[in-house]
Amino acid sequence: MQTTHPAPPMATTRNPRERAGRLLQQHGALIVLAVLLVVGTVAFDSFTTPANLGNIATASSFLAIIAIGMTFVIISGGIDLSVGSLFVLGGVLAAYGSRHGAAVALGLPLVVCGAFGLVQGLIIARTRMAPFIVTLAGLLAARGLMLSLTDEGATTYLVEDDLFARIGQGAILDVGYPFFIMLAILAVAAVFLQRTGFGQNVYAIGGNEDAAALMGVPVARTKVVVYLVSGLLAGLAGALNAARLSSGVTILGIGLELDVIAAVVIGGTLLTGGAGALGGTIAGALLLGVIQNLINQVGGLTSSFQQVVSGAFLAVVVVAHRILGGVRRET
Amino acid sequence: MTDTALRQGAPDRTRVITWLQDYGVYAAVAALLLFNAAFTPHFLAVDNFRTQLVQVTPIVIVALGMALVIGTEGIDLSVGSVMALAASVVALYLGYGALPAIAMAVLAGALVGAAGGTLVAVVGVQPIVATLALLVGVRGLANVFLPQLKEFTNPTLVALGSDSVAGVPIVVIVAVVLTAAVAFLVKRTTFGRQLVAVGGNRAASRLSGLPVRRVLMTVYILSGMLAAVAGVLATSRLQASDPTSLGLFMELSAITAVVVGGTPLTGGRIRVLGTVMGALLMQLLQATLIKHNLPQSWTQMAQAVIILAAVYAARERR
Amino acid sequence: MSVSSPVLEAVGALKVFPGVTALDRASFALGQGEVHALVGENGAGKSTLIKVLTGVYRLDEGEIRYRGERVEFSNPLEAQRAGISTIYQEVNLVPQMSVARNLFLGREPRGRFGLIDFARMRERASEILRGYGVRADVRRPLGSLGLGAQQMVALARAVQADARVVIMDEPTSSLEPREVDKLFRTIAELKAQGRSVIYVSHRMEELYRICDRVTVLRDGRLVHTGPLAELERLRLISLMLGRDLAEVAAEGLTKFSGQHHSHAAPILQATGLRHRHVLDDVSLAVRPGEIVGLAGLLGSGRSETAKAIAGALPLDSGEVVVAGERVPGGSVAAAIRAGINLLPEDRKAEGIVPTLSVRENIVLAALPRLARAGIVSEGDVDRVVQKFMRRLRIKAAGPGQRVSELSGGNQQKVLLARWLAMNPKVLLLDEPTRGIDVGAKAEVQALIDELAGDGLAVLLISSDLEELVEGSDRVVVLRDGAVAGELDGAGVTEDKIMAAIAGDNDD
Amino acid sequence: AKSEDTAASPAPGGSEAQQQVVKTPSGPAGAGCTIAQHGATKFDLKTGVVGFSQSEKEANPFRIAETQSIKDEAAKLGIANLKVTNAQSQFSKQISDVQQLIAQGAQLLVIAPLNSDGWEPVLQQAAAKKVPIITIDRKINAKHCTDYLTFIGSDFVEQGRRAADQMIKALDGKGKVAILLGAPGNNVTTERTQGFKEQIAAKAPDIEITFEQTGEFAREKGQQVTEQLIQSNPDIDGIYAENDEMALGAVTALKGAGKKAGDVKIVSIDGTRGAVQGIVDGWIYGVIESNPRFGALAFETAQKFLDGESIPEKVIIADREYDESNAEGSLSQAY
Ligand SMILES: Nc1ncnc2c1ncn2[C@@H]1O[C@H](COP(=O)(O)OP(=O)(O)OP(=O)(O)O)[C@@H](O)[C@H]1O
Ligand SMILES: Nc1ncnc2c1ncn2[C@@H]1O[C@H](COP(=O)(O)OP(=O)(O)OP(=O)(O)O)[C@@H](O)[C@H]1O
Ligand SMILES: [Mg+2]
Ligand SMILES: [Mg+2]
């Protein structure tokens with residue numbers, strides 16, 4: 001959001017506290033995750049069972065896949081509110097397409113949600129309208145489209161194709177295929193973000209868009225690709241979830257975008273853009289799953305109180321990031 | 001806040017653009033009114049306009065606070081939950097009478113705002129995350145205080161929601177007064193000027209000795225209080241406190257109103273009347289589609305289009 | 001007028017911004033292997049010309065020719081691909097990214113599978129930068145370097161590209177004499193390789209050191225172009241200002257009257273200022289009516305010293321006293337109340353509020369004084385704005401124009417106005433004439449002089465030694481965040497300052 | 001804090017509360033399901049692990065009464081190990097919740113599903129561990145006995161039909177009617193709409209449905225939509241609200257528009273105390289009950305199953321209906 005950046009006082013030798021802070025900023029989510037896993041193991045004997053961990057991993061992988069796309073968007077200095085709607089739209093399209101075989105079931109959501117992302121990207125890049133607004137419109141449009149496809153959500157298409165269903169339901173020792181698919185995507189995405197010119201450009205335009213443009217970064221194209229990727233991944237996640245549920249449930253994904261953003265932020269990526277990494281994002285996504293699970297393990301908490309807890313937790317995490325993470329932004 | 005009068009010599013095209021930037025929303029509202037006048041039965045009725053105004057009130061009031069926050073390059077996602085909190089607090093304290101209850105509700109809003117303000121101004125958390133945490137937590141809190149919808153019969157509160165003065169509903173009068181107050185705050189007071197300066201360039205404001213923290217703090221507190229007022233009014237209209245569904249997704253409606261009204265999300269600039277117009281535009285759109293009995297899917301897609309069009313017209317050229 | 005086979009040409013270039021005609025059918029031709037000076041007052045259109053040449057802005061009329069053919073670069077990338085690389089006026093790199101990444105963005109060294117080879121990238125980065133005297137860890141975020149260092153990185157980046165044309169818009173504005181020499185050596189090499197350079201600067205002596213030809217712009221129009229040697233300095237200035245020679249000659253170059261002998265007790269006393277890694281026991285005092293210069297290399301902590309005194313940099317220890325009153329540290333507001341005002345070094349990042357008008361920017365700090373019960377009195381505001389826009393000759397479409405649309409120099413004047421409106425006791429000026437044309441520079445210097453005359457205490461930070469020498473009554477020299485020496489009266493000469501800066505001074 | 005003192009409401013599912021009664025002991029597909037066929041291992045409810053997955057926050061009368069009655073009944077039967085989860089209206093969460101219950105060794109699952117489709121992952125895991133599933137108030141689309149044990153609840157289509165009957169009675173056969181739809185994409189909405197429309201079409205062709213908009217099962221939305229409705233269609237005679245909350249919102253709207261009780265006939269579904277009170281006050285014409293007190297019936301069914309009896313695919317409960325004739329008297333029994 002902010003392009004200029006006042007040069008902080010000289011830091012020729014970075015002090016240890018700052019280095020520790022950076023470390024926590026980058027791996028904080030992972031550390032908290034580890035801690036919670038230990039706590040869970042000690043406190044509840046039904047926590048560290050393969051079945052339970054498998055469930056957490058599988059259930060989190062859909063959020064994680066979307067969050068990977070969102071990380072690209074946020075690092076590039078943008079935001080994508082449409083992912084929740086694209087997730088549910090993707091699911092419906094996949095279930096609808098499954099009657100024509102697995103290829104269509106996967107292809108249709110990718111094409112449509114990809115197109116959504118592409119158009120959003122084009123609008124953002126060409127008109128310089130705020131991503132927040134453009135993707136907010138996308139959120140509405142995609143959900144509207146989904147509703148009109150299912151006559152106002154009344155129809156639920158069932159997955160007809162067994163091969164496709166297996167992609168979502170198969171598992172290797174209690175961990176569902178979606179998790180491994182997520183890992184594969186993560187690997188590819190990480191290489192692209194860290195080791196290619198495209199990745200560098202994403203960081204550059206997130207850091208200082210005007211400068212990036214003057215340095216010859218193809219700002220528009222990079223943005224378009226970033227939102228395209230986000231749309232594709234949201235659609236894919238939706239499709240995989242539909243395969244898992246073997247039906248195109250229409251009541252999914254409301255407010256999902258906020259969970260995704262939370263995961264990315266907990267993962268240590270700054271919403272100001274220009275900085276961040278995928279590892280943290282995944283940790284953040286898993287973290288949300290684990291917390292949910294632990295809250296259930298504890299039991300007893302009323303549903304409203306559970307929300308208070310989640311809210312407080314998010315607050316604590318971001319405060320921690322802020323206090324530990326590097327130099328404080330000038331206020 | 002560039003006054004366009006000074007840009008003499010600019011070619012006509014740029015003048016048209018500038019005009020669109022400044023008055024596009026008004027034009028859109030006018031267009032929608034004309035459309036309805038022509039094609040919607042019973043549209044040109046006093047009652048109808050009263051209905052539309054009454055329904056838009058909460059959004060307008062919340063959007064006013066949101067505009068202030070956005071002016072400082074921030075954003076406040078907690079407003080919807082604050083409305084819910086206000087609803088439950090009112091129900092909790094109604095035993096002491098309407099006014100104390102309302103006071104407590106507004107206080108609660110101020111406290112949430114202060115929490116957000118602290119996270120943003122003192123700790124330095126990005127507004128969107130700070131208030132996201134509040135959005136989740138405060139909604140839960142509202143439900144903890146008041147687990148389920150509760151009806152009330154307190155005459156004062158009911159009157160606040162349903163009575164009119166000289167044919168104008170009280171809630172609308174409240175909204176008008178608050179709009180005027182915020183407009184004055186932004187245009188004429190030191191605080192207002194400092195607010196946009198902080199949004200425009202925080203480092204510079206700091207080096208110019210502006211009380212950046214205090215400004216930010218105040219802004220979030222104001223946003224919280226306005227959201228609380230909106231919550232109270234909505235509750236008084238409903239004649240029941242409903243912390244579960246009151247104000248759901250209000251943050252998005254409010255932000256939409258602000259941006260459609262021509263206030264850029266990048267801060268440093270606030271358009272109060274534009275914001276009101278933005279809210280009205282979305283309300284009229286909603287009403288039009290309902291009155292013509294169009295399905296939900298249409299409503300959402302139409303909203304998408306309008307948002308894009310309006311913001312496109314009002315966007316900053318460079 | 002025209003050059004034999006120009007590499008890059010603008011013909012009848014017209015560029016209009018809301019309210020301003022930045023380029024008024026100006027023509028410009030850059031010859032093969034020449035170093036071409038582009039000069040003019042603030043707002044003359046230099047940066048705009050450069051931006052239309054490199055595809056940042058589109059021309060409203062006229063055309064750009066590159067190597068004989070008509071071109072229309074739609075963005076800087078195309079220009080770069082074609083072999084035109086540019087250092088724009090404001091340092092334009094990505095602060096969050098590492099120095100190395102900034103240096104190589106867009107042409108990173110590739111390893112296996114065409115993936116980026118970071119190890120090699122870092123090696124090459126640090127070896128290249130060492131050549132430019134930047135001794136920073138290339139993995140550090142660029143933003144943690146000083147402006148000067150950042151500018152050197154930008155230079156390295158621009159030159160390293162195998163560019164036919166290198167454009168430099170005020171590259172020396174935040175450079176030290178040492179860095180300037182490196183820059184000039186680089187330019188000489190470029191020239192030797194038959195590459196062409198466009199060089200924009202307000203520092204006359206530099207132009208005469210390295211430029212072959214000169215083009216003068218005034219109010220967006222071409223007023224002169226030709227060999228520089230044939231054109232002596234005063235004539236050039238009179239061309240830029242559009243005033244006749246005699247007049248300029250009469251006024252002389254810098255506008256400092258020299259010494260103001262002031263024996264009053266110091267009004268500003270900073271003692272033992274400390275801040276980890278940056279300031280190490282800096283003490284200095286300024287008397288009313290005295291101009292104290294602050295010299296030092298980039299990163300020597302001059303800005304930090306100023307910021308510390310102005311309460312913008314929290315201190316580990318040390319105290320600031322104004323007129324006998326101790327100023328509570330770490331609070332800009334408190335410092336301002338005590339009468340200390342700081343003109344920051346980085347205009348864009350710490351000075352102007354781009355979204356606001358000239359008017360709002362001028363009164364920003366003074367608002368509380370121009371308001372009753374928190375309500376701004378527009379009348380008073382207008383009066384103040386009028387007064388200072390006239391006094392500083394701020395060139396704008398009007399008080400309502402956005403400050404972001406003003407030229408660098410005029411923006412600087414707006415900031416000066418912001419502080420003068422506070423009628424301060426102590427004025428801390430960090431590079432006050434950076435990026436300001438001769439005309440405005442003279443005005444600003446005269447102004448500083450006048451202010452001192454009125455008994456104001458001034459601390460002057462400048463990388464322009466000539467300015468320091470002419471302006472200061474005393475000069476305090478910093479090295480690595482500590483006071484390395486102090487020069488007084490006749491002792492204030494460029495050589496002595498250089499010596500003290502370099503650290504091989506005898507005293 | 002001191003809240004406005006209103007008539008102290010008796011604990012939902014309390015003594016005088018109306019417990020459920022079975023209408024059709026065996027669903028149309030009469031073929032029952034015994035523990036032998038299902039393959040579950042017999043266990044003692046008291047000591048065994050029982051999981052209950054609630055779909056929405058306990059923030060409306062229906063959900064409160066539902067959860068409460070499950071807990072109360074469990075306590076009454078001395079079921080020591082009852083694990084309760086709440087999906088907070090997020091379907092994905094409900095799936096995870098139930099999976100977790102299974103992982104925690106639940107031997108019997110009582111589920112109030114948020115949605116009828118998409119239960120594949122749960123069903124697979126439950127089938128693998130042979131955990132019997134009883135779904136309450138909404139059924140899930142799956143195979144009886146192999147996938148789930150039984151569905152206990154109301155017939156929503158039927159509720160819609162009965163609402164239609166009341167509407168027909170109210171308008172004696174002719175007039176303009178508006179529908180306040182429930183949340184889109186929710187099969188309760190779908191079926192209550194379907195039943196209502198079918199019945200109107202069949203029984204009263206002169207009744208015209210001129211308007212249907214969603215009120216998302218929420219009171220405020222119901223109020224707002226009704227305000228718009230009576231603006232643009234002043235000639236509306238009846239409003240069919242697919243739950244009580246929206247009906248009460250509609251009432252507020254009508255009051256606000258200066259209408260008098262009975263001007264517009266309102267029929268709704270659920271039978272919350274507020275709505276029944278509405279009948280007493282004359283604002284609401286009639287209410288079809290949808291009884292949330294599943295506790296007794298659910299555990300009774302479970303016990304029968306464990307005792308080897310055959311359990312039918314559906315256990316449809318008899319929903320009562322309220323109108324001016326019985327509202328006054330049954331007010332205390334409404335939830
Ligand atoms: N050549 C250089 N190599 C590496 N870092 C540098 C260099 N020059 C300056 N810096 C960095 O600049 C920062 C301090 O610069 P600063 O601008 O405050 O110094 P200064 O004395 O004010 O010089 P100036 O104000 O003229 O730029 C420190 O972070 C220092 O590390
Ligand atoms: N983006 C813009 N929008 C509107 N006006 C602009 C813009 N950029 C420049 N101008 C105007 O165009 C004129 C030329 O500006 P330019 O930056 O080219 O001057 P310059 O010669 O570079 O001055 P300086 O020496 O201070 O950098 C100025 O009057 C300036 O106000
Ligand atoms: Mg310039
Ligand atoms: Mg400096």
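Remember, it's a predicted structure, so these values are computed and weren't measured experimentally. Numbers restart at 1 for each chain; the letters A, B, ... are given by sequence-line order, proteins then strands. Note that these values count all heavy atoms, side chains included, but never hydrogens, waters or copies made by symmetry.
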Toward chain B, the part of C:Leu415 with a non-hydrogen atom under 4.5 Å:
neither
Part of residues 416-426 of chain C lying next to chain B, heavy-atom separation under 4.5 Å
C:Arg418, C:Trp419
Non-hydrogen contacts under 4.5 angstrom with chain B: give the residues of residues 366-377 of chain C involved, or none if there are none.
C:Leu367, C:Pro368, C:Ala371, C:Gly374, C:Ile375, C:Val376
Exam field: side chain B:Asn201 to backbone C:Ala349, donor-acceptor pair closer than 3.5 Å:
yes
Partners meeting salt bridge (Lys or Arg N to Asp or Glu O under 4.0 Å) with C:Glu61 (sequence neighbours left out):
C:Arg25
Kindly check if the number of other-residue, nucleotide or ligand heavy atoms within 6.0 Å of OH (B:Tyr23) is above 12?
no
Counting only heavy atoms not in C:Arg393 (residues, nucleotides, ligands), do more than 12 fall under 6.0 Å from its CZ?
no
When rounded to the nearest 0.5 Å, the distance separating CD1 of C:Ile336 from CG of B:Leu207 is 8.5 Å
Side chain to side chain donor-acceptor pair (under 3.5 Å) against C:Asn75, all qualifying residues, sequence neighbours excluded
none
Between C:Glu350 and B:Arg206, is there a side-chain N and carboxylate O pair less than 4.0 Å apart?
no
Chain C shares the most heavy-atom pairs under 4.5 Å, among B:Gly209, B:Ala204, B:Gly267, with B:Ala204
Heaviest contributor of heavy-atom pairs below 4.5 Å to chain C, chosen from B:Leu210, B:Val198, B:Leu185, B:Thr190, is B:Thr190
Between the side chains of C:Glu378 and B:Arg193, is the shortest nitrogen-to-carboxylate-oxygen separation below 4.0 Å, so that they form an ion pair?
yes
